[in-house]
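Side chains included, hydrogens not; waters and symmetry mates left out as well; all remaining heavy atoms used. These numbers come from a predicted model, not from an experiment.
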Amino acid sequence: GAAAVLAGARAAGIPVFHTLEAHKPDLSDCPPTKRRRCTAIGQTIDKSLGRVLIAGEPGNEIVDEVRPIAGETSIHKPGKGSFYATGFEQMLADKGVT
């Protein structure tokens, strides 16, 4: 599974970047069309998990099996794409990834 692929990348010294769909608490980075499609975004459905798709909330974390380790980068992205409004392209360039 994913944990085995991640372990292989780490063992091979491949730069690892984690992405996580998450929005700012005020939802200023969440497009209106997305909020209309999923009215749960920003709402609290389960108090133990916090607000849906909000950065820093307990339910908006990477699962333990593939959790980042020291030296790996985590990127909160406001949508499905990893490059829009994230700085990911520059992060890749900084690590020499082309």
Side-chain angles (χ1 to χ4, degrees):
V5 171
L6 178 58
R10 288 172 172 160
I14 296 171
V16 175
F17 297 86
H18 299 264
T19 62
L20 177 64
E21 186 174 358
H23 294 283
K24 295 177 182 178
D26 65 2
L27 297 175
S28 62
D29 61 347
C30 185
T33 54
K34 183 174 181 180
R35 291 185 69 188
R36 282 193 296 273
R37 266 192 331 269
C38 182
T39 57
I41 295 173
Q43 301 300 311
T44 301
I45 297 171
D46 178 334
K47 288 183 182 184
S48 69
L49 299 176
R51 296 172 63 205
V52 174
L53 289 180
I54 301 300
E57 293 286 338
N60 191 249
E61 299 175 344
I62 296 173
V63 297
D64 289 339
E65 294 80 11
V66 292
R67 187 171 304 282
I69 60 172
E72 294 177 350
T73 302
S74 292
I75 301 163
H76 287 123
K77 57 192 184 81
K80 294 180 178 98
S82 296
F83 291 92
Y84 176 75
T86 62
F88 187 33
E89 184 174 12
Q90 186 59 53
M91 291 177 212
L92 289 170
D94 291 347
K95 296 267 187 181
V97 178
T98 57

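Hydrophobic clustering, defined by side-chain heavy atoms of Ile, Leu, Val, Met, Phe, Trp and Tyr closer than 4.5 Å, leaves I69 isolated from every other such residue. In this structure, V16 belongs to a hydrophobic cluster whose other members, linked by side-chain heavy atoms under 4.5 Å apart, are L6, L20, I62, V63, V66. Think of V5 as one node in a network of Ile, Leu, Val, Met, Phe, Trp and Tyr side chains linked at under 4.5 Å; it has no links at all. Annotation for I45: hydrophobic cluster partners, listed by chain and number, are L27, I41, V52, L53, I54 (ILVMFWY side-chain heavy atoms under 4.5 Å, direct or chained).
Of all non-hydrogen atoms in P68 and S74, the two that sit nearest each other are CG-OG, 3.2 Å. Shortest non-hydrogen contact noted between N60 and A22 is OD1-CB, 3.0 Å.
Applying the side chain to side chain donor-acceptor pair (under 3.5 Å) rule to T98 yields no partners; only residues at least two apart in sequence or on another chain are considered. Under the side-chain contact (heavy atoms from CB on, under 4.5 Å) criterion, S28 pairs with K24, D26, sequence neighbours left out. With sequence neighbours excluded, the residues that form a side-chain contact (heavy atoms from CB on, under 4.5 Å) with D94 are Q90. F17 is linked by a ring-ring contact (aromatic ring centres under 6.0 Å, His included) to F88, counting only residues two or more places apart in sequence or in another chain. Listed by chain and residue number, E21 satisfy the salt bridge (Lys or Arg N to Asp or Glu O under 4.0 Å) test with K34 (two or more places apart in sequence, or in another chain). Under the salt bridge (Lys or Arg N to Asp or Glu O under 4.0 Å) criterion, E89 pairs with no residue at all, not counting sequence neighbours.
Pairs of residues two or more places apart, or lying in two chains, that qualify as salt bridge (charged side-chain N to carboxylate O under 4.0 Å, His left out) and include a residue from residues 55-78 are R10-E72, D64-R67. Applying the salt bridge (charged side-chain N to carboxylate O under 4.0 Å, His left out) test to pairs two or more places apart or on separate chains, none has a residue in residues 36-56.
Residue V97 is grouped with residue I75 when hydrophobic side chains (ILVMFWY) are merged at heavy-atom distances under 4.5 angstrom, including chains of intermediate members.
Heavy-atom neighbours of F83 CZ from other residues, nucleotides or ligands within 6.0 Å: above the threshold of 12.
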